[in-house]
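As a basis for the values below, the full set of heavy atoms in this structure was taken, side chains included, without hydrogen atoms, waters or symmetry mates.
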Amino acid sequence: QVQLVESGGGLVQPGGSLRLSCAASGGIFSIYAMGWYRQAPGKQRELVAVVASDDRADYPDSVKGRFTISRDNNKRTVDLQMKSLKPEDTAVYYCNAHRGGNWPRDYWGQGTQVTVSS
């Protein structure tokens, strides 16, 4: 089993920055692709950033250039640095660990609230 715990959420003004962190326990951290998802009220959960085991990262156009995902396999953490935040970034942000191959598995954190408002 893999347990994920997010931290760093809160209230920030438009244009501000926030850094989220996800700490993982259990499993072999380095074999998992790690991602951040978000879900706003009334909307589907969407991927905002993913980083593979080889550190290659990808982002949707909505956050590209503003969000940066990074992982530290020694600390067993994955961070999401968010800048130039917009009100539409307001959502609950979830950490995800994904194992592919012949035994795919997904694990989720409890979520952390990010509110962008003046």
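At a threshold of 4.5 Å between non-hydrogen side-chain atoms, the residues Trp36 and Val78 count as touching. Counting heavy atoms from C-beta on, the side chains of Arg66 and Met82 never come closer than 4.5 Å.
In this structure, Gln110 contributes its side chain and Val5 its backbone to no donor-acceptor pair below 3.5 Å. Looking at Gln81, its side chain never comes within 3.5 Å of a backbone N or O of Arg19 through a donor-acceptor pair.
Taking OG1 from Thr115 and CG from Asp89, the interatomic distance works out to 11.0 Å, rounded to the nearest 0.5 Å. The distance from the OG1 atom of Thr68 to the CG atom of Leu80 is 8.0 Å, given to the nearest 0.5 Å. For the atom pair Cys22 SG and Asn96 CG, the distance stands at 9.0 Å (nearest 0.5 Å). Going from atom CG of Leu11 over to atom CD of Gln113 covers 9.5 Å, rounded to the nearest 0.5 Å. In this structure, CG in Asn73 is found 11.0 Å from CD1 in Ile31, a value given to the nearest 0.5 Å.
A cation-pi arrangement is found for Arg71 relative to Phe29, the charged atom lying closer than 6.0 Å to the ring centre and inside a 45° cone about the ring normal.
Linking Ile, Leu, Val, Met, Phe, Trp and Tyr residues whenever their side-chain heavy atoms come within less than 4.5 Å leaves Leu85 and Val92 in two separate clusters. Following chains of ILVMFWY side-chain contacts shorter than 4.5 Å, one cannot reach Leu20 starting from Trp108, and the two form parts of different hydrophobic clusters.
None of Ser70, Cys95, Ser53 except one satisfies the side chain to side chain contact (heavy atoms under 4.5 Å, CB included) rule with Met34; the exception is Cys95.
Of all the heavy atoms in Asp79 and Ser21, the pair that sits closest is OD1-OG, 3.0 Å. Smallest separation of non-hydrogen atoms from Gly10 and Leu18: N-CD2, 4.0 Å. Contact between Val12 and Ser17 at its shortest, heavy atoms only, is CG2-O, 3.8 Å.
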Which donor-acceptor pairs under 3.5 Å do side chains of residues 41-51 form with protein atoms, sequence neighbours excluded?
from: Glu46; atom 1: OE2; to: Arg38; atom 2: NE; distance (Å): 2.8
from: Glu46; atom 1: OE2; to: Arg38; atom 2: NH2; distance (Å): 3.3

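Between Tyr93 and Phe67, the angle of the ring planes lies from 30° to 60°, which puts this pair in the tilted group.
One finds a salt bridge joining Lys64 and Asp61 here, because a Lys/Arg side-chain nitrogen approaches an Asp/Glu carboxylate oxygen to under 4.0 Å.
With sequence neighbours left out, the side-chain hydrogen bond (donor to acceptor under 3.5 Å, both in side chains) criterion links Arg99 to no other residue.
No more than 12 heavy atoms of other residues, nucleotides or ligands shown are found within 6.0 angstrom of CD on Gln13. Taking a 6.0 Å sphere around NZ of Lys83, one finds it holds 12 or fewer heavy atoms contributed by other residues, nucleotides or ligands.
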